[in-house]
Structure formats: structure tokens, C-alpha cells
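Worksheet for the structure shown next.
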2 protein chains.
Amino acid sequence: MSQPKIRNMEDFASVSGISRPTLSKYFNDPASVRSSTRARIETALERFDFHPNIYAMNQNRRLTKNIGIVVPNLSDPFFAEMARNIENWVIKAGFRPVLLGSHGDPEQEIENLDNLRLIKPAGVLMAPLGRMSLASRIASFCEDVPTVLFDSNIDDIGEAFVGSNNVQSVCLIVDYLCRTGQPPAFFEMKTPANPNAFKRRNTYVRAMEELGHEPRLIQVDGEGWNLEEIGFREGTKVLSEGQLPTDTILCSNDRLAIGVLSAAYQLGFKVGIEGDCDLRVAGHDDHPFSRYTCPTLTTVSQDYEVIAEKSAKTLFELIESEKRAEKRTVTMLDGKLVMRGSA
Amino acid sequence: MSQPKIRNMEDFASVSGISRPTLSKYFNDPASVRSSTRARIETALERFDFHPNIYAMNQNRRLTKNIGIVVPNLSDPFFAEMARNIENWVIKAGFRPVLLGSHGDPEQEIENLDNLRLIKPAGVLMAPLGRMSLASRIASFCEDVPTVLFDSNIDDIGEAFVGSNNVQSVCLIVDYLCRTGQPPAFFEMKTPANPNAFKRRNTYVRAMEELGHEPRLIQVDGEGWNLEEIGFREGTKVLSEGQLPTDTILCSNDRLAIGVLSAAYQLGFKVGIEGDCDLRVAGHDDHPFSRYTCPTLTTVSQDYEVIAEKSAKTLFELIESEKRAEKRTVTMLDGKLVMRGSA
DNA sequence: CAAATAAATTTACGCGCGTAAATTTAAAAT
DNA sequence: ATTTTAAATTTACGCGCGTAAATTTATTTG
């Protein structure tokens, strides 16, 4: 069959016998045309396999069905997984995900938002870089586009925040560690880029004091996002100096813990909960790789799936309501203790 | 100063005193306007911070400065890192990277190409899914858009391929393992999705035969891309059955090896090269996490940076030449042995 | 069956920009 | 200063689609 080439909606209009404005309505919302018309269009669609040009749509529609997803770093499996989860929810809700990573760079983060503006997204789901983020510029973006933050909170920015309850989760694991062995020291970066890190530090200190133990902060040097490397390098230092007043290390996040675990292994420490072990290491986040470390990493889970679902649905409600949130909501999800081999 | 809001190039034309067609020329190529004009534009640009709408540009230009980057899975740190490297080269060459992940799904891979078509990319860098890829549809895309494949080759598709020389790299590590201990068994998936896996298997068999050893294939069940999980689950089976005729396992890739390493640890095997160890495990790829496993993973590096650079530059040359390659070139980069603790 | 209502069509313009042709202006060369 | 040449401007149209208003056609209601 010598089908004529369909180059645009006009072409498709002539071969399908439907006017272009009606087709436009259909592609925007199939339910908005009469069912008999819909059937005719869909029959023609099967024969000709036409897809409207999404960028031309974006350009002209006041509001599109695009939803931007911005994460600090796609190279981090945590964010990659989180993004994947969110993408699935976005698709399920009939929207179109547009995923952008910021490579740990605040300028790139803003550029991502600028690019998103051009496709007139119905909303944006964003995990900000944190402390380094250019907050005021993000804020001005959020004034124009309904935005839900996840993972890292920035005060008063966006319509809502969904993340984990660091107070609860850190208390949980500190409590667990204290019950099952020596009270933990807290291993973290001196100047962490992520606001969660500060909450975790403070909570650790408070939790230790409440349990009647002296908090011990191990604050190590290091810049950037190569956390395993930092955990390994600085963990090696700390462990080989042998000045640790405890045999238990709680790391501010799993990626640091993965590095520390590797350092401990190489230095000949036996890590774990058994009697013959000389070190316990715990993390925070339930990073995708933490179940494959040696030993497997005891940690507190951030429930990816729930954070993804909750933040996505919060945004969808906002979009459907067609108005902005009266009040910024903050949702903090409890972590669950994941008891594995390392502590 | 009460700057008028610049909404488009027309607005910018009036405030800058330059005609819109000249501005259009400038934004396409700053060198194409007289230097005095360029200076005037750039001065105005500083005052008004105008950026042309990239999507409107894409729509109208016959050829854009976009370069598509398509990888099988952004959740895999290997591809995430590779993509980051490529993005850097693309930016450095004055192009605009557009990164898309296929989530391991052949349909998504095609959809990514269809979406790329709309932004009229100058070229595409693509790591295909492999065996599952809908090859004929990729081929027809490649007829329209200059495309360089990397990582996984598909015969005769694209203008060029850049990847690692599996024959060389597998020979290298087989040789190393045979020299330093018992000849390795080869641990892999029964039905791998990636064509490299087949090359590696065949090379392993040949290399073993040439060295006068009997090849031993351990072909495990498993679907999908959660390779660590498969390595762990099937590794646990293999190791606990205790039927291994050798104490050395060469895994088809690092992600499987990470799973096997975890299984070995949990079963109480001591993995490593020292005399008191009862198992050696090696991988292939030098995955970002392989330097933090316990013990650290001996492997063969695929040189990310060189593959990224070479494939990018091959594409740039193609684009500049403004014609298609007379002959499809295949570049295979040698791997380097990375001797770490596990074998 | 006619009247009321709903949906589709026709017509026309807009989005932000590329680009070609004719014309004017500015710079370089004589 | 005059001619030659290069570059900028004006004008006009196109890309693929959204969308509003007026009109026609089809469906539903009484």
C-alpha cells in the first residue's frame, strides 16, 4: 500500500478526514471528542502511525503534560533509582517525564530549571543539591511552576516537601546500635553539601545525650560527590590511627559507609555483629548497593518507592486543583531499620 | 533600572537595536557577524540576559547543534559515568547534549530515537541495548541521522563503533589468572542481553583451550538488569553446592562479580590472592564500584574516558565533514589489567 | 418531526524562531 | 572622494501546532 507520508497534523487531517482543530483536541485529551469521532481517529492512527510533534505542542500550549524531574546527580544510583520510580508514577498519571541531572553543579541546576521553563511543564519534582543550591533562583522558578521538593528540603521553597524523617531514622539506628553493642561514633563530612546531613548530625548528638552517652563526631575532609572515595580515604586514616573510643561507626550515609567498609576490610578489621568482630559499621539510606557490601550493610531505609509516590501524587493533586497550595506541606516519612550483617 | 521584559528575539532586537535576522545569525554562529556587531550584541546580552528558545530553534533549523546520547540504563553507574564523560566532550565541542536512558526496554529505546528525531540532532551517540534492540528500526534511524555506536556493537548499524576489544581483554585476564593460580571457570548469564557477553564467553573458551586448560562455563538463570542480584543469588547456589572444579571464578562483568563476591563473603569463603584464601574472583569492566568491594575487585578496565572521547570525536568529524562515512569503522580499545585484591 | 443542543468544520491568527530575497547602509579598496 | 564589496535591515513567509470565533452539521430531546 502506497501510503502518503504523514509529515504533520495537517497531512493526517486530510488522510483521516478529520479537521485539524478536532485532531488537536483529541491529542490533548481523547475524551474531549465524541466517541464516534474518537474511533475514526484511532482507526486512522493505526493505519498511519502519526505522532504529533511534542515540541511544537509544548511551544503553543499554555500548559503541557510535561513534568520535570531534577536530581542532583544521575551517577548516584540512589537518585537514579528514585528518578526511575518517579518516572513510572508520572507516566502512570498520564504525564510525560523529563529527567535532568545537575551533575552536582548549582549552575547546572538552574540551567535545568531554565530549560524546563521552555517546555512549560505542568509541574516539577526536584531534589535540590542542598546547601550549594542557588536558593533564590530556585524560589523564583517555583513561583512560576508548581514544584514539589523531595529528598533535600529548602525552607519555604516549593509547594511541598517529601523526604525522610531524619530525626526518627537516626534515633532509630542510634537506639539500635546502643542496645546491641557500644554506642556509635558518627562519621561524616566536615562540610556536607546536603542539608539532611546536618539534621542527622544534630539528631545523633541529641539521641546520644538522651541515652546517656557521649556523642563522638568524626568529621572528615573532602569535597564533591565521590563519597565512597572520601569514606575510604578518611576511613583508612581514622581506623589506622586506632584512636577510636568505640568499636561502632554510624555513617551519615551509605555511600560513606561503603567506603569505610572497604577501608576496614583492607586494614584487616573484621566487621560485623558476631562476637569475634572488632568493628561495627552502619549507614543511612538503604542505598541500592548496600545489600551487596561485605558484610551487608546495616542501615535505615529511606523508602524510595513511598517518597517517589508521595511526592508525585502531591504534585498531581496540586496540578489538578489548578491552584497553588494554601500552605506548604512537609511530609517526613519514617525510615525502617534494615538489620544486615555489618552492625 | 526598569528593564522591559524580554520575551523573545523580537523584543531583544528592539532593545538592542539589532535586527532579528542578524541576531538569529549571531546565535547560530557568533563568528558569522561583523565583530563590531558582535560586540554590540554581547553588550546588550549582558544587560538583558536573553536566551533564545532552544525548542523554537530546533523546530526551524534544518540541523541543530543537539547531540543525542542514548544509553541502555541510567541506573547503571557504568553508563551513568560513561554518559557524563560523553556529555563533557559534547559540550566542549560546542554542541548540546541530550541524554536519554532506555530503562532496559527496547520500545523505550526506539521511543528515545523518535524523540531525538524531533530535535533534529546533528548526531547521536548510542549504546544499544544489544540483543534485544529492535535493530531494523535503529538502522532506519541511522540512515537519517549520523550515529556512532559505543559499548555494544550491532553489525552494520551506524557510521562507526567504538568499544572495547573483548578478545584482547578476556585473553589478558584469563592469561593472568592462569599464571597466578588455578585456571578460571567462567560465570555468566545463560541468556545475556549484551552482545559483549557472547564475545567474552567465546574468547574465554578459546583462551583456555590455547593455554591447554578445559573451559568451564557456569551459565546461570536470570532475566533483566539487576545483575548484582543475579550474581548473588546464583553465586550462592554455585558456591554452596561446592561442585566447583576450580577455586577461581571469572565473571562476565563486574556487576555479576559484585554479587558473587557478596555471596562468597556470606558463605564464609575467604576471597583473595593470599595463600590462605579459598576463592579468587575476577570481573570485567572496572565498574565504578569495583574498587570498593571487599576485597577490591581484580578486573579488566574498559577505559570509559577513551571510549567516550573516541566515540564523541568520531561523531564530530563525521558532522564536520557533512557527509556520511564511506566505510563503517570499528574501533576496539584494549583493556588494561587492574590487579586488585580479589584475584 | 421540529426544536434544542452538542460537536465538528472553517477560517484566521499566534507562538518564537529560521531563512530567503530585495534593499539599504557601512566598511574597505581604489 | 568614488567605487567596490561586505554586512545589516526590511519584508515576507514557513515550521507544526494551539486556539478562538463564526458557521455548519450531527445528535439528542420533547
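Here is the naming used below: chain letters follow the sequence lines, and residue numbers restart at 1 for every chain. Hydrogens, waters and symmetry mates are skipped; everything else that's a heavy atom, side chains included, is used.
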Notebook entry, point to check: Starting at CZ of B:Phe27 and ending at P of C:dT19, how long is that distance when rounded to a whole Å?
Noted result: 15 Å
Item checked: Geometric class of the A:Phe48/A:Phe12 ring pair [parallel <30°, tilted 30-60°, perpendicular >60°] -> perpendicular
Check: Of the candidate nucleotides C:dT9, C:dG16, D:dT9, which contains the atom at the shortest distance from the side chain of A:Ser19?
Finding: C:dT9
Margin query: Tell me whether A:Lys313 is salt-bridged to A:Glu309, with the criterion being a basic N under 4.0 Å from an acidic carboxylate O.
Written below: yes
Margin query: What is the distance, to the nearest angstrom, from the NZ atom on B:Lys65 to the P atom on C:dG18?
Written below: 13 Å
Margin query: In this structure, how many angstroms lie between the C1' atom of C:dG18 and the OH atom of B:Tyr55, rounded?
Written below: 18 Å
Margin query: Rounded to whole Å, how long is the line connecting atom CE of A:Met9 with atom P of D:dT19?
Written below: 11 Å
Check: Of A:Arg40 and B:Arg7, whose nearest nucleotide on DNA chain C comes first from the 5' end?
Finding: A:Arg40
Check: Does a nitrogen or oxygen in the side chain of B:Ser24 sit under 4.0 Å from OP1 or OP2 of C:dC17?
Finding: no
Checklist line | Between C1' of D:dA12 and CG of B:Asn60, the distance in whole Å | finding: 15 Å
Next item on the list: Could you label the plane-to-plane angle of the B:Tyr55 and A:Tyr55 rings as parallel, tilted or perpendicular, counting under 30° as parallel and over 60° as perpendicular?
Entry: parallel
Item checked: Base of C:dG18 paired with side chain of B:Arg20 (donor-acceptor, under 3.5 Å) -> yes
Next item on the list: Identify which nucleotide among C:dG16, D:dA26, D:dT19 has an atom closest to any side-chain atom of A:Asn28, counting heavy atoms from C-beta outward.
Entry: D:dT19
Notebook entry, point to check: Which whole-number value in Å describes the distance from B:Asn8 CG to C:dG18 P?
Noted result: 11 Å
Check: Of the candidate nucleotides D:dA8, C:dT9, C:dG18, which contains the atom at the shortest distance from the side chain of B:Arg34?
Finding: D:dA8
Note to self: Under a 3.5 Å distance rule, please check whether A:Arg20 uses its side chain to pair with a backbone N or O of A:Met9 as donor and acceptor.
What the structure shows: no
Next item on the list: Round to the nearest Å and state the distance from A:Leu63 atom CG to D:dT19 atom P.
Entry: 10 Å
Note to self: Regarding A:Ser36, tell me which of base, sugar-phosphate or nothing describes its non-hydrogen contacts under 4.0 Å with the strands shown.
What the structure shows: nothing
Margin query: Check A:Glu159 with A:Arg324, please: is the shortest side-chain N to carboxylate O separation under 4.0 Å?
Written below: yes
Next item on the list: Round to a whole Å and report the spacing from OH of B:Tyr26 to C1' of C:dG18.
Entry: 18 Å
Checklist line | Any N/O donor-acceptor pair, B:Gln59 side-chain to C:dG16 base, under 3.5 Å | finding: yes
Next item on the list: Could you tell me whether B:Phe12 contacts a base, only the sugar-phosphate backbone, or nothing, with contacts defined as non-hydrogen atoms closer than 4.0 Å?
Entry: nothing
Notebook entry, point to check: How is A:Pro21 classified with respect to the nucleic acid when contacts are heavy atoms under 4.0 Å: base, sugar-phosphate, or nothing?
Noted result: base
Checklist line | Earlier contact from the 5' end, DNA chain D, for B:Ile18 and A:Leu23 | finding: B:Ile18
